[in-house]
Visitor: 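Encoded as structure tokens, here's the structure I'll be asking about.
Quick caveat, the model's predicted, so the values are computed rather than measured.
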Amino acid sequence: MAVDIILSAVLPFVELAIGSITTNICYAFYCKSSLRHLKEEVDKLKNARERMQHLVDEDRRKGKVIEEDVAKWLLEVDGITEKVERELAQDEGGVKKKCFMGLCPNFKTRYQLGKKAEEKLATVKAKLEEQRSFVSISYQVAPSGVEVMSGKGYQAMQSRIPVFNEIMNALKTADVNTVGVCGMGGVGKTTLVKEVSKQAIEDKLFDKMVIASVTRNPDIMKIQGQIADQLGLTFNEESEWGRAGRLRERLKQEKKILVVLDDLWKRLDLEAIGISFKDEQNECKMLLTSREFDVLSSEMEVEKNFSISGLKEDEAWELFKKTAGGNVESPDVQFIALKIATKCAGLPLAIVTVAKALKDKRLPEWKNALRELKRPSPRNFTGLQAEVYSAIELSYKHLGSEELKAIFLLSSRMGYNASIQDLLKYSMGSGLFSDVATIEEVRDKVNSLLHKLKTSSLLLDGDTSKQFSVHDVVRDVAISIAFRDHNVVFRSDEVELKWQYKDSLESHAEIWLHGNSFGLPEDLQYPLLKVLNMNSEDSSLEVPENIFRGMQKLKVLGLSNLSFPAPHSSLHFLKNLRSLCLHQSSLGEIAIIGELKKLEILSFVKSNIKHLPKEIGQLTKLKLLDLSDCSELEVISPNVISNLSLLEELFVGNSFHHWDIEGHNNASLIELEHLSHLTNLDVHMLDSHVMSIDLFSRKLERFRIFIGDVWDWDGAYETLRTLKLKLDESTDHLKHGVLMLLKRTEDLYLLEMKGIKNVICELDSEGFPQLKYLHLHNSPDIQYIIDTMKGVPANILPFPMLESLFLYNLVSLEKIYHGTLKTPSFGKLQMLEVKHCDKLKNLFSFSIARGLLLLQSIKITCCRNLEEIVVEESEEFENKNEEINSMELTQVRSLSLKYLPNLRNFCSKERASCLYQTQSKSRTTGMDFGEIILEDEPHAPMQLFDEKFVFPNLEDLKVHSINIERLWHGQLPAIAVSIQNLQRLHKLTTRNGAREVNLEENFYNAMQPLFDEKVVFPCLAEIQISHIDKIWHNQLAAGSFCELRSMSISDCDKLVNIFPSSLLTRFQRLEMLEISHCHSLETIFELQGLGGEEIQASNAFQLQDLDLYNLPRLKHIWNKDPQGRLIFQNLHSVRVGKCSALKNLFPVSIARDLPQLEKLEIKECGVEEIVANAEGDETAPRFYFPHLTSLTLEKIPEFRNFYPGKHSWECPILKSLEVSGCGNVKLFGSESHTSQEIQRGGQQDQIQQPLFFVEKVISTLEELSLSGENPTTSIIWCCQLPEKYYSAVKLLRLHYFQEESDTIPFGFIQILCNLETLYGHVVLSKGYSHRKGLLM
């Protein structure tokens, strides 16, 4: 039994030992077999690897991505096979080794080789088995929309950043599903939305994005295919409907996806494509682009739309330079390149196309390109224009109606900021609209078509609402199309018209001539000509006598800035003329015009006619007569106007005003009563007595009627009906017609209305139902605008449409309204301005203010007794159980309060318990406006804003000379809401020499900062402040001032520094800094306490303009060299004046990195060097200013040099240099003279380094101003440089060159071949004297 137990325990160990011995013996005995087997398996693995590689290569050619484990397997197999084959070659020799003098195999070696072979064999077999386990070796990758969005070449433009951010915000908005971007062809819509989409993916707004190009003729299946490819979707369905269903299901699988549809021309059926927003399981948003706004807003019902226009001029030039290459800034090319860039009209497509075509080209090719762009091919688009022009023509072809195309071509010929009224005159005369009967209908049609053209991005808004404009490039395309398709010829001075081709000329339907000379032949026939427009730049240019003889079919004749000294008999040949516009011209006798019986439009705008003859009364078909701005017109023959029985529109604004009461010697206003069709009237009468009783009782649709001798016609009139009324006596004699006008007026000016106390009751008891703008000026008797206590019927709602209210110098005005007023009154008020209304104590009650939901701007100035803007009157809360808490004026963007010495608060109550500050008795401020009585006992400081009124969207706040100690209380939550969007703050607290209001010690025991840590300004972009003792608290709220762009500080005499080191990073976006008249200021940027925890490496500041003036104690702009931790490389302009304690401007590290500096001006300062000495740096620094074009050094007597030690500095494109009053510094030197001194044995270190070497600076200068008080100035003309060095100089100012020792060689003046102007009093070596102002 015991033996069995022992055996059972020992036996496993014995077997294990025997097995191990057996295995080891096998390694030795079967070594050759193992190596042979390993070699066979390696060959199998190599073959398997080869087959796998073939599959991989094939899949890669198909665009598939290789699985990561397959790619790893291939690499590992390569390593294994290479290693095994190498070792097998070595091991074959080992097998043959012998021992015991060659009598016996070497068992040890065989054992080692056999064991290693078995291990490698296991590895090889494992790789073969792994290869068999691969389910697939590759997969198909859907092309990512982000990859399609190649950002190559994208350059972020400053003008595009706001719209970029707005689009991003729209995509972030939860309830916005569709966003649109519109703009003309080539403006950069596609590029912008691609960058937006990239950013949206990077910000993880979406998990996936896809893009499809729609094009003018959308192919539904192609669009589906573009989207499907990016989603990795393969369609098996043949029909659009089936594919749409499959795509819809695939889109649902994406949780958050952005679909970009580019280049829509008309409504696109999204359901037909397979795009739906109905599924709430995923978040699908769309970003669309189109040339037409209406396609997005109306047809596609896009929720948020954004328009983009061309680049700004400087941005366009930067893009052009970047694309065109290095030679674009060479002096001979740059001038031409600038013109070419301008011709591209800010369109990125045009800029890039043209710039690429001219890259590295020679000067003749640049010149030819400019000519080509100035003179576009009239027949077809070739060369530089081809791509851009064809894109614009495509927009033109897509306009649809021939009517819309015709008005586009006509408006483009009229040019930039053209008058809509002139377009109406030309289109009506040309007969473009056959389906309209009246001028008013034509006007509506024209405005409707212009709107469509603007939404199609082919036209632009003009400077006013009465104008429109067009891009250069678009205009060129339109002119070419009109020539090619409609026989319209357009000639300017830049495009020569070949009159010698008589046959071609006679086929023209329209001729448009702009320039200084026309050369239009008199003896030619123009059988097809319907429109002739001649616009001269030379007012003395006369129209040939017989020019109209061959134009019998002419319908429209427009002549501008020309001379008609005598009657043109050939005018009577124009029997078919419908529209005659003689504008801004010198006209002689015009009676012959009376023979043009078909004339419907007659316009003399800004011409010098003195007399409108009786023959004009024969034009019985005339519908429009325009005498606007004919300031010399003294006589209109009696009965001329009354005979024009079909006249619909009469314009006599800023023109004739000598109306005759009886109509014996001049026209009478009574004649207007005979014009039954009259709907539009501009007229000015100096005296209301010339009106008849019922003159204006007829319903005029449009009018501008001025009564009184003080009115002028300047300004933009945005309404249909304007009335300006000034009466020399009381209003008792106002005619019935004028009272009728008041009821229909939209824009009303009332001046010196004597005897009027209540505007509503006495002028229009109906409450001015259509009035939008009310201006009340200098009317001393007005007490109330509305007095409901006297005569206002209960059913009347005063001023229901009023948008703007202007009250100026109403010395008796006590209240805007008196009595109880219905809340909807003033409900549409947007702008309120009050000035010099000294009896006003407040403007509105709380109940009325609560209804001012649209109010955007409040401006109140010089109202001596105004105490609050809004008052809670006693009757508003007497019967209420609860206090009125607060209200939001959500639309107020601008608030300006100036010179209001009694202002206590924005809102307060009539009872003292609700005042936020306490008023009382004994202390005065001594302000110029009078006395302010304040309490003796401790009181909370008066503050402008409290919790009562909240301004959540306030952007612009101006506060000047008001008796408020605080603007806000930082701990009130309502204040944080009020200023969260504030962008501009102007706090100008002028104390006018008076002592400050004394504050109790328990409230303030130190100077209080304007900004502290309790108030946040996340959006503030502009600050203007003066007379402030302390600006910043040591700590500021997080997020404050990070958007600050502009800061102006003046008259702050207790400030010692502006930006403490602890706050510097808050102001990195500041672009403009202006500081003046701060007499204690010592430092702008305080860097002494700068630590690594405040400033990280390479903090780039956006500061562009720095202007410092009259800072007598200023010692440092930067009081320490930041050593590269602060970068100011965006500085464009630095101006320093009257800073007597300032010894230098820049630390070395900042001066070395000013690549954008363009202007440097130092005047009347104690500056010794422009750059401060670098402590501990013995190397000679180099300063390079590649964009510096203007340098002024004036009256800095301590000036020594640019830098105190050995250095070099360059400004390769300096164009303007003005140097005077700089002591005895060596301003100029010559490199050749310096070299000669060194050769003569002088030590270079001992030779004084000049500020400028003439050879380096003179060749680029266009303006040079020098002073004879510095002896080194003469080097400029004594160094005998070649003439080409001086070829750029156009203006030369020379001062204090009056001594014989200051003689200037006359030969120097002669070599200035491009000199245009010479200023100064100088003595020339040949005795010539040139005095100030002489033009060379």
Visitor: Is there side-chain contact between Phe656 and Val635, with at least one heavy-atom pair below 4.5 Å?
Guide: no
Visitor: Can you find a pair of side-chain heavy atoms, one from Ile590 and one from Phe604, that are under 4.5 Å apart?
Guide: yes
Visitor: Ignoring hydrogens and angles, tell me if any N or O in the side chain of Glu1262 forms a donor-acceptor pair with the backbone of Ala1288 under 3.5 Å.
Guide: no
Visitor: Go through Trp659 and Val683 one step at a time and tell me if the side-chain contact (heavy atoms from CB on, under 4.5 Å) criterion holds.
Guide: CA-CA 10 Å; Trp659 300 101; Val683 66; 3.5 Å; yes
Visitor: Tell me whether Gln467 contacts the main-chain N or O of Asn417 through its side chain, where contact means a donor paired with an acceptor under 3.5 Å.
Guide: yes
Visitor: Assess the side chains of Asp538 and Ser536: does a donor N or O sit below 3.5 Å from an acceptor N or O?
Guide: no
Visitor: Are His657 and Phe706, when compared by the centres of their aromatic rings, separated by less than 6.0 Å?
Guide: no
Visitor: Considering non-hydrogen atoms only, spot the tightest contact between Gln584 and Ser607 and give its length.
Guide: N-OG, 3.2 Å
Visitor: What is the minimum heavy-atom distance between Leu678 and Leu650, and which atoms define it?
Guide: CD1-N, 3.9 Å
Visitor: State whether Lys425 and Glu600 are salt-bridged, where the test is any N-O pair (Lys NZ or Arg NE/NH1/NH2 against Asp/Glu carboxylate O) under 4.0 Å.
Guide: no
Visitor: Please find the pair of heavy atoms, one from Leu619 and one from Gly594, that lie closest to each other, and give the distance.
Guide: CD2-O, 3.8 Å
Visitor: Could you grab the distance from atom OG of Ser603 to atom CG of Asp422, nearest 0.5 Å is fine?
Guide: 6.5 Å
Visitor: Could you walk me through whether Asn576 and Lys598 pass the side-chain hydrogen bond (donor to acceptor under 3.5 Å, both in side chains) test, one step at a time?
Guide: CA-CA 6 Å; Asn576 291 298; Lys598 292 186 178 181; 3.1 Å; yes
Visitor: Can Leu453 and Leu404 be said to form a side-chain contact (heavy atoms from CB on, under 4.5 Å), step by step?
Guide: CA-CA 8 Å; Leu453 291 171; Leu404 190 56; 3.8 Å; yes
Visitor: Under 4.5 Å between any side-chain heavy atoms of Glu403 and Lys445, yes or no?
Guide: yes
Visitor: Look only at the side chain of Asn666 and the backbone of Ile636, and say whether a donor-acceptor pair between them is shorter than 3.5 Å.
Guide: yes
Visitor: Show the nearest heavy-atom pair for residues Ala591 and Pro613, with the distance to one decimal.
Guide: CA-CG, 3.9 Å
Visitor: State, with a plain yes or no, whether a side-chain heavy atom of Phe703 is found less than 4.5 Å away from one of Asp682.
Guide: no
Visitor: Say whether, by atom type as modelled, one donor and one acceptor occur between the side chain of Ser655 and the main chain of Cys630 under 3.5 angstrom.
Guide: yes
Visitor: Between Ile609 and Leu627, is there a side-chain heavy-atom distance shorter than 4.5 Å?
Guide: yes
Visitor: Can you list the steps and then say if His611 with Glu634 is a side-chain hydrogen bond (donor to acceptor under 3.5 Å, both in side chains)?
Guide: CA-CA 6 Å; His611 177 209; Glu634 298 285 338; over 6 Å; no
Visitor: Using every non-hydrogen atom in the two residues, find where Ile705 and Met685 come nearest and quote the distance to one decimal.
Guide: CG2-CE, 4.3 Å
Visitor: Considering only NZ, NE, NH1 and NH2 on the basic side and carboxylate oxygens on the acidic side, decide whether Lys724 and Asp747 come within less than 4.0 Å.
Guide: no
Visitor: Nearest 0.5 Å, what's the CZ-CZ distance between Phe651 and Arg704?
Guide: 8.0 Å
Visitor: Between the main-chain N or O of Arg549 and the side-chain N or O of Gln552, is there a donor-acceptor pair closer than 3.5 Å?
Guide: yes
Visitor: Go through Trp366 and Phe335 one step at a time and tell me if the ring-ring contact (aromatic ring centres under 6.0 Å, His included) criterion holds.
Guide: CA-CA 10 Å; Trp366 282 90; Phe335 180 72; over 10 Å; no
Visitor: Is there a side-chain contact between Val470 and Phe468, using heavy atoms and a 4.5 Å cut-off?
Guide: no
Visitor: Taking all atoms of both residues into account, what is the closest heavy-atom pair of Tyr426 and Ser430, and its distance?
Guide: O-OG, 2.7 Å
Visitor: Tell me if the NZ atom of Lys575 is crowded by more than 12 foreign heavy atoms within 6.0 Å.
Guide: yes
Visitor: Can you tell whether the side chains of Glu440 and Arg702 come within less than 4.0 Å, N to carboxylate O?
Guide: yes
Visitor: Could you pull out all residues at least two apart from Asn447 that satisfy side-chain hydrogen bond (donor to acceptor under 3.5 Å, both in side chains)?
Guide: none
Visitor: Test side-chain contact (heavy atoms from CB on, under 4.5 Å) on Leu363 and Val333; report intermediate values, then the result.
Guide: CA-CA 6 Å; Leu363 180 60; Val333 170; 4.1 Å; yes
Visitor: Do side-chain atoms of Asn608 reach the backbone of Leu587 as a donor and acceptor pair under 3.5 angstrom?
Guide: yes
Visitor: In Å and rounded to the nearest 0.5 Å, what is the CD to CG distance from Glu510 to Leu532?
Guide: 10.0 Å
Visitor: Does the pair Leu580 and Val556 meet the rule for a side-chain contact (heavy atoms from CB on, under 4.5 Å), with working shown?
Guide: CA-CA 6 Å; Leu580 176 60; Val556 178; over 6 Å; no
Visitor: For a quick check under 3.5 Å, do Gln618 and Lys597 share a side-chain donor-acceptor pair by atom type?
Guide: yes
Visitor: Is it true that atom NZ of Lys405 has more than 12 heavy atoms of other residues, nucleotides or ligands lying nearer than 6.0 Å?
Guide: yes
Visitor: Nearest 0.5 Å, please: how far is OG in Ser539 from CG in Asn561?
Guide: 5.0 Å
Visitor: Given side chains that start at C-beta, do those of Leu409 and His486 come closer than 4.5 Å, heavy atoms only?
Guide: yes
Visitor: Might you work through the side-chain hydrogen bond (donor to acceptor under 3.5 Å, both in side chains) test for His674 and Ser645, ending with a clear yes or no?
Guide: CA-CA 7 Å; His674 297 273; Ser645 57; over 6 Å; no
Visitor: Dump the intermediate steps for side-chain hydrogen bond (donor to acceptor under 3.5 Å, both in side chains) on Ser465 and Glu718, then the final yes or no.
Guide: CA-CA 7 Å; Ser465 63; Glu718 303 296 334; 2.5 Å; yes
Visitor: To the nearest 0.5 Å, what is the distance between OG1 on Thr620 and CG on Leu646?
Guide: 7.0 Å
Visitor: Checking Thr438 side chain against Glu441 main chain: does a donor-acceptor pair fall under 3.5 Å?
Guide: yes
Visitor: Can you check whether Leu582's main-chain N or O pairs, donor with acceptor, with Ser585's side chain at less than 3.5 Å?
Guide: no
Visitor: Testing Leu410, Val442, Leu449 for side-chain contact (heavy atoms from CB on, under 4.5 Å) with Leu423, which one passes?
Guide: Leu410
Visitor: When you compare the side chain of Ile511 with that of Asn533, does any pair of heavy atoms fall below 4.5 Å?
Guide: no
Visitor: Check the surroundings of atom NZ in Lys312: do more than 12 heavy atoms from other residues, nucleotides or ligands lie under 6.0 Å from it?
Guide: no
Visitor: Around atom NZ of Lys606, are there more than 12 heavy atoms of other residues, nucleotides or ligands at under 6.0 Å?
Guide: no
Visitor: If you round to the nearest 0.5 Å, how far is CD of Glu701 from CD of Glu648?
Guide: 11.5 Å
